[in-house]
Amino acid sequence: MRRPFIAGNWKMNTTRATAAALAEGVAKGADALDGVDLAVCPPSCYLETVGRAIAGSKVALGAQNMYHQPDGAFTGELGAAMLRDLGCKYVILGHSERRHIFGETDELINKKAHAALAAGLTPIVCLGELLAEREAGKTMTIIKKQVDGSLAGLSPDQIAGIVIAYEPVWAIGTGKVATPQQAEEVHSALRKIVEDRYNGSIANSLRIQYGGSVKPENAAELLDRPDIDGALVGGASLKAEHFLGIAEKAVKLGVEKL
Ligand code: PEP
(Lines give C-alpha, C1' and ligand atoms only; values in the text may rest on other atoms or scores of the structure.)
Protein backbone atom coordinates (compact mmCIF):
# COMPACT_ATOMS: atom_id res chain seq x y z
CA MET A 1 0.00 0.00 0.00
CA ARG A 2 1.20 3.50 -0.78
CA ARG A 3 0.58 5.92 2.05
CA PRO A 4 0.15 9.52 0.95
CA PHE A 5 3.17 11.74 1.54
CA ILE A 6 3.05 15.52 1.70
CA ALA A 7 6.38 17.36 1.92
CA GLY A 8 7.03 21.09 2.18
CA ASN A 9 9.99 22.66 0.41
CA TRP A 10 10.64 25.97 2.15
CA LYS A 11 13.47 26.88 -0.24
CA MET A 12 15.34 30.03 0.89
CA ASN A 13 12.21 31.60 2.29
CA THR A 14 12.44 31.61 6.09
CA THR A 15 14.44 33.17 8.86
CA ARG A 16 15.34 31.14 11.93
CA ALA A 17 12.38 32.65 13.80
CA THR A 18 9.82 32.08 11.03
CA ALA A 19 11.15 28.55 10.44
CA ALA A 20 10.73 27.67 14.12
CA ALA A 21 7.22 29.14 14.27
CA LEU A 22 6.17 27.40 11.04
CA ALA A 23 7.58 24.08 12.22
CA GLU A 24 5.76 24.37 15.55
CA GLY A 25 2.50 25.17 13.75
CA VAL A 26 2.86 22.21 11.39
CA ALA A 27 3.81 19.84 14.21
CA LYS A 28 0.83 20.92 16.31
CA GLY A 29 -1.66 20.57 13.47
CA ALA A 30 -0.20 17.23 12.41
CA ASP A 31 -1.30 15.68 15.69
CA ALA A 32 -4.84 15.41 14.37
CA LEU A 33 -3.80 13.85 11.04
CA ASP A 34 -3.58 10.10 10.66
CA GLY A 35 -2.88 8.12 7.52
CA VAL A 36 -0.50 10.57 5.89
CA ASP A 37 3.28 11.01 6.04
CA LEU A 38 4.50 14.58 6.46
CA ALA A 39 7.89 16.21 6.08
CA VAL A 40 9.26 19.73 6.08
CA CYS A 41 12.46 20.75 4.29
CA PRO A 42 13.81 24.02 5.71
CA PRO A 43 16.97 25.84 4.62
CA SER A 44 19.89 23.71 5.78
CA CYS A 45 21.11 26.30 8.30
CA TYR A 46 17.81 25.87 10.16
CA LEU A 47 17.59 22.06 10.06
CA GLU A 48 18.62 21.82 13.69
CA THR A 49 16.16 24.50 14.85
CA VAL A 50 13.32 22.90 12.91
CA GLY A 51 14.36 19.41 14.04
CA ARG A 52 13.96 20.57 17.64
CA ALA A 53 10.58 22.14 16.93
CA ILE A 54 9.15 18.98 15.37
CA ALA A 55 10.81 16.48 17.73
CA GLY A 56 8.32 13.88 18.92
CA SER A 57 5.70 14.97 16.35
CA LYS A 58 4.39 13.20 13.25
CA VAL A 59 6.45 15.48 11.02
CA ALA A 60 9.76 14.30 9.59
CA LEU A 61 12.72 16.45 8.64
CA GLY A 62 14.10 16.72 5.12
CA ALA A 63 16.92 18.64 3.46
CA GLN A 64 16.65 20.47 0.15
CA ASN A 65 19.91 19.22 -1.33
CA MET A 66 23.18 17.48 -0.52
CA TYR A 67 26.51 16.61 -2.10
CA HIS A 68 27.43 13.05 -2.96
CA GLN A 69 30.88 12.99 -1.36
CA PRO A 70 30.94 12.07 2.33
CA ASP A 71 33.61 14.63 3.30
CA GLY A 72 36.58 16.54 1.95
CA ALA A 73 37.41 19.82 0.26
CA PHE A 74 33.95 20.71 -1.08
CA THR A 75 33.42 24.26 0.11
CA GLY A 76 29.84 25.09 0.93
CA GLU A 77 28.49 21.56 0.60
CA LEU A 78 26.87 19.13 3.04
CA GLY A 79 27.10 15.35 2.88
CA ALA A 80 24.47 12.71 3.58
CA ALA A 81 25.90 11.67 6.95
CA MET A 82 25.81 15.29 8.08
CA LEU A 83 22.15 15.48 7.19
CA ARG A 84 21.52 12.25 9.09
CA ASP A 85 23.34 13.78 12.07
CA LEU A 86 20.95 16.71 11.93
CA GLY A 87 18.00 14.32 12.09
CA CYS A 88 16.99 14.26 8.43
CA LYS A 89 14.98 11.37 7.09
CA TYR A 90 14.54 12.75 3.56
CA VAL A 91 16.54 14.75 1.07
CA ILE A 92 15.16 16.46 -2.04
CA LEU A 93 17.39 15.76 -5.04
CA GLY A 94 17.34 17.25 -8.52
CA HIS A 95 14.74 19.91 -7.79
CA SER A 96 14.13 21.91 -10.96
CA GLU A 97 15.86 24.90 -9.39
CA ARG A 98 18.94 22.74 -8.82
CA ARG A 99 18.75 21.44 -12.39
CA HIS A 100 18.04 24.73 -14.14
CA ILE A 101 19.67 27.41 -11.98
CA PHE A 102 22.65 25.39 -10.70
CA GLY A 103 23.11 23.18 -13.75
CA GLU A 104 22.72 19.81 -12.01
CA THR A 105 22.71 16.90 -14.41
CA ASP A 106 21.05 13.50 -14.18
CA GLU A 107 24.50 12.04 -13.68
CA LEU A 108 25.18 14.19 -10.62
CA ILE A 109 21.69 13.58 -9.22
CA ASN A 110 22.29 9.86 -9.64
CA LYS A 111 25.50 10.05 -7.60
CA LYS A 112 23.63 11.96 -4.91
CA ALA A 113 20.80 9.36 -4.89
CA HIS A 114 23.28 6.53 -4.35
CA ALA A 115 25.07 8.45 -1.58
CA ALA A 116 21.80 9.40 0.14
CA LEU A 117 20.57 5.79 0.13
CA ALA A 118 23.92 4.47 1.35
CA ALA A 119 23.67 6.84 4.33
CA GLY A 120 20.09 5.84 5.14
CA LEU A 121 18.33 8.91 3.75
CA THR A 122 15.25 8.62 1.58
CA PRO A 123 15.72 10.69 -1.56
CA ILE A 124 12.81 12.59 -3.06
CA VAL A 125 14.01 12.67 -6.66
CA CYS A 126 12.43 15.46 -8.72
CA LEU A 127 11.71 15.15 -12.43
CA GLY A 128 9.82 17.34 -14.83
CA GLU A 129 9.69 18.93 -18.24
CA LEU A 130 10.01 22.57 -19.29
CA LEU A 131 7.06 24.29 -20.94
CA ALA A 132 8.81 24.26 -24.34
CA GLU A 133 9.40 20.52 -23.99
CA ARG A 134 5.72 19.90 -23.17
CA GLU A 135 4.62 22.06 -26.09
CA ALA A 136 6.95 20.15 -28.40
CA GLY A 137 5.31 16.88 -27.30
CA LYS A 138 8.51 15.74 -25.59
CA THR A 139 7.25 15.35 -22.02
CA MET A 140 7.64 11.58 -21.78
CA THR A 141 10.96 11.54 -23.63
CA ILE A 142 12.34 13.98 -21.05
CA ILE A 143 10.83 12.10 -18.11
CA LYS A 144 12.23 8.80 -19.37
CA LYS A 145 15.66 10.32 -19.83
CA GLN A 146 15.56 11.76 -16.31
CA VAL A 147 14.43 8.42 -14.82
CA ASP A 148 17.11 6.51 -16.72
CA GLY A 149 19.83 8.98 -15.73
CA SER A 150 18.93 9.97 -12.17
CA LEU A 151 17.90 6.52 -11.02
CA ALA A 152 20.54 4.48 -12.84
CA GLY A 153 21.93 1.52 -10.96
CA LEU A 154 19.48 1.56 -8.06
CA SER A 155 18.56 -1.90 -6.82
CA PRO A 156 14.91 -3.02 -6.86
CA ASP A 157 14.65 -2.49 -3.08
CA GLN A 158 16.15 0.96 -3.36
CA ILE A 159 13.74 2.00 -6.10
CA ALA A 160 10.74 0.77 -4.11
CA GLY A 161 11.88 2.85 -1.12
CA ILE A 162 12.60 6.20 -2.78
CA VAL A 163 10.07 8.92 -3.57
CA ILE A 164 9.75 10.50 -7.01
CA ALA A 165 8.29 13.99 -7.34
CA TYR A 166 6.89 14.80 -10.77
CA GLU A 167 7.14 18.57 -11.02
CA PRO A 168 6.43 20.11 -14.41
CA VAL A 169 8.80 23.07 -14.38
CA TRP A 170 6.17 25.37 -15.87
CA ALA A 171 3.91 24.74 -12.86
CA ILE A 172 6.45 25.47 -10.12
CA GLY A 173 5.85 28.75 -8.34
CA THR A 174 3.79 30.03 -11.26
CA GLY A 175 0.27 29.38 -10.00
CA LYS A 176 -0.21 27.26 -13.17
CA VAL A 177 -1.12 23.85 -11.85
CA ALA A 178 -1.11 20.83 -14.17
CA THR A 179 -4.61 19.50 -14.60
CA PRO A 180 -5.25 16.28 -12.69
CA GLN A 181 -5.41 14.53 -16.08
CA GLN A 182 -2.05 15.93 -17.22
CA ALA A 183 -0.45 14.94 -13.92
CA GLU A 184 -2.02 11.48 -13.80
CA GLU A 185 -0.94 10.79 -17.37
CA VAL A 186 2.72 11.36 -16.45
CA HIS A 187 2.45 9.57 -13.09
CA SER A 188 0.99 6.44 -14.61
CA ALA A 189 3.53 6.49 -17.45
CA LEU A 190 6.31 6.89 -14.90
CA ARG A 191 5.01 3.90 -12.96
CA LYS A 192 4.96 1.92 -16.20
CA ILE A 193 8.61 2.84 -16.88
CA VAL A 194 9.51 1.47 -13.44
CA GLU A 195 7.39 -1.63 -14.02
CA ASP A 196 9.13 -2.31 -17.34
CA ARG A 197 12.54 -1.76 -15.82
CA TYR A 198 11.90 -3.69 -12.59
CA ASN A 199 8.50 -5.30 -12.03
CA GLY A 200 4.88 -4.57 -11.18
CA SER A 201 5.18 -4.98 -7.45
CA ILE A 202 8.08 -2.52 -7.23
CA ALA A 203 6.22 -0.06 -9.44
CA ASN A 204 3.19 -0.39 -7.19
CA SER A 205 5.21 0.33 -4.02
CA LEU A 206 6.85 3.46 -5.41
CA ARG A 207 5.39 6.72 -4.16
CA ILE A 208 5.12 9.47 -6.77
CA GLN A 209 4.32 12.97 -5.54
CA TYR A 210 3.03 15.76 -7.74
CA GLY A 211 4.54 19.22 -7.34
CA GLY A 212 3.64 22.52 -8.95
CA SER A 213 1.41 25.17 -7.37
CA VAL A 214 -0.42 22.70 -5.10
CA LYS A 215 -2.74 24.47 -2.65
CA PRO A 216 -5.55 23.35 -0.34
CA GLU A 217 -8.04 24.36 -3.08
CA ASN A 218 -6.62 22.11 -5.81
CA ALA A 219 -5.11 19.31 -3.73
CA ALA A 220 -8.11 16.99 -3.53
CA GLU A 221 -8.60 16.62 -7.27
CA LEU A 222 -4.91 15.84 -7.75
CA LEU A 223 -4.56 13.48 -4.80
CA ASP A 224 -7.68 11.63 -5.84
CA ARG A 225 -6.01 10.33 -9.01
CA PRO A 226 -4.88 6.71 -8.83
CA ASP A 227 -1.15 7.29 -9.38
CA ILE A 228 -0.68 10.53 -7.43
CA ASP A 229 0.55 9.59 -3.97
CA GLY A 230 1.13 12.96 -2.41
CA ALA A 231 2.53 16.39 -3.06
CA LEU A 232 5.78 18.29 -2.89
CA VAL A 233 4.66 21.77 -1.94
CA GLY A 234 6.61 25.00 -2.28
CA GLY A 235 4.75 28.29 -1.75
CA ALA A 236 1.79 26.83 0.13
CA SER A 237 4.08 25.06 2.60
CA LEU A 238 5.13 28.42 4.05
CA LYS A 239 1.83 28.79 5.92
CA ALA A 240 1.09 26.01 8.40
CA GLU A 241 -2.66 26.15 7.76
CA HIS A 242 -2.21 25.81 3.99
CA PHE A 243 0.26 22.94 4.28
CA LEU A 244 -1.98 21.19 6.79
CA GLY A 245 -4.99 21.93 4.60
CA ILE A 246 -3.34 19.96 1.78
CA ALA A 247 -2.50 17.10 4.15
CA GLU A 248 -6.10 17.07 5.41
CA LYS A 249 -7.31 16.54 1.85
CA ALA A 250 -5.13 13.44 1.60
CA VAL A 251 -6.49 12.17 4.91
CA LYS A 252 -10.11 12.84 3.91
CA LEU A 253 -9.69 10.99 0.64
CA GLY A 254 -8.33 8.06 2.63
CA VAL A 255 -5.94 7.46 -0.19
CA GLU A 256 -3.76 4.50 0.64
CA LYS A 257 -3.34 3.29 -2.88
CA LEU A 258 -3.10 -0.20 -4.21
C1 PEP B 1 8.45 23.21 -5.54
O2 PEP B 1 9.26 24.09 -5.38
O3 PEP B 1 8.82 22.02 -5.47
C4 PEP B 1 7.08 23.59 -5.82
C5 PEP B 1 6.27 22.66 -6.23
O6 PEP B 1 6.76 24.91 -5.63
P7 PEP B 1 5.28 25.54 -5.71
O8 PEP B 1 4.37 24.66 -4.88
O9 PEP B 1 5.42 26.91 -5.13
O10 PEP B 1 4.88 25.54 -7.15
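In each ligand, atom 1 is the first atom listed, and ligand 1 is the first ligand listed.
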*Would you say Gly235 and ligand 1 have an N/O pair spaced under 3.5 Å apart?*
yes
ask   = Is the shortest distance from a Lys or Arg side-chain nitrogen in Asp34 or Lys58 to a carboxylate oxygen in the other one below 4.0 Å?
value = yes
(Q) Using heavy atoms and a 4.0 Å limit, tell me yes or no: is Ala231 in contact with ligand 1? (A) no
Near Ala171 (heavy-atom distance under 4.0 Å), the atoms of ligand 1 are 10 (O)
When every non-hydrogen atom of Leu47 is compared with those of Gly62, the smallest separation belongs to CD2-O, 3.4 Å
ask   = Under 4.0 angstrom from ligand 1, any heavy atom of Lys215?
value = no
Just wondering, more than 12 heavy atoms not from Lys215 lying within 6.0 Å of its NZ? yes
Looking only at non-hydrogen atoms, the one of Ser237, Ala7, Gly234 nearest atom 8 (O) of ligand 1 is Gly234
Counting from 1 in the order shown, the ligand 1 atoms closer than 4.0 Å to a non-hydrogen atom of Lys11 are 1 (C), 2 (O), 6 (O)
If we number the atoms of ligand 1 from 1 as shown, the ones under 4.0 Å from a heavy atom of Gly212 are 5 (C), 10 (O)
Using modelled atom types and a 3.5 Å cut-off, is there a donor and acceptor pairing between side-chain atoms of Thr18 and backbone atoms of Thr14?
no
of all protein heavy atoms, closest to atom 1 (C) of ligand 1 is His95 NE2, 3.2 Å
Contact region, Ile172 to ligand 1, non-hydrogen atoms below 4.0 Å, reads both
*Donor-acceptor under 3.5 Å (His114 side chain, Ala152 main chain)*: yes
Geometric N/O contact Glu97 with ligand 1, under 3.5 angstrom: no
Say whether Ser213 and ligand 1 are in contact under the criterion: heavy-atom distance to a ligand atom below 4.0 Å. yes
Exercise. Tell me, do Glu133 and Val169 make a side-chain contact under 4.5 Å, heavy atoms counted?
Worked result: no
For Gly173, the atoms of ligand 1 under 4.0 Å from one of its heavy atoms are 7 (P), 9 (O), 10 (O)
Ranked by distance from atom 5 (C) of ligand 1, the top protein heavy atom is Glu167 OE2, 3.1 Å
Arg98 and Ile109: side-chain contact (heavy atoms from CB on, under 4.5 Å), yes or no, with the steps? CA-CA 10 Å; Arg98 300 295 323 168; Ile109 296 158; over 6 Å; no
Looking only at heavy atoms, the pair that brings Phe243 and Gly8 closest together is CE1-N, 3.5 Å
Side chain to side chain donor-acceptor pair (under 3.5 Å) with Asp229: of Arg191, Gln209, His187, only one passes, and it is Arg191
At under 4.0 Å between heavy atoms, what of Ala165 touches ligand 1? The answer is neither
What one should report as the nearest heavy-atom pair of Ser150 and Asn110 is O-ND2, 2.9 Å
Should Leu232 be counted as touching ligand 1, given the test is an N or O pair under 3.5 Å?
no
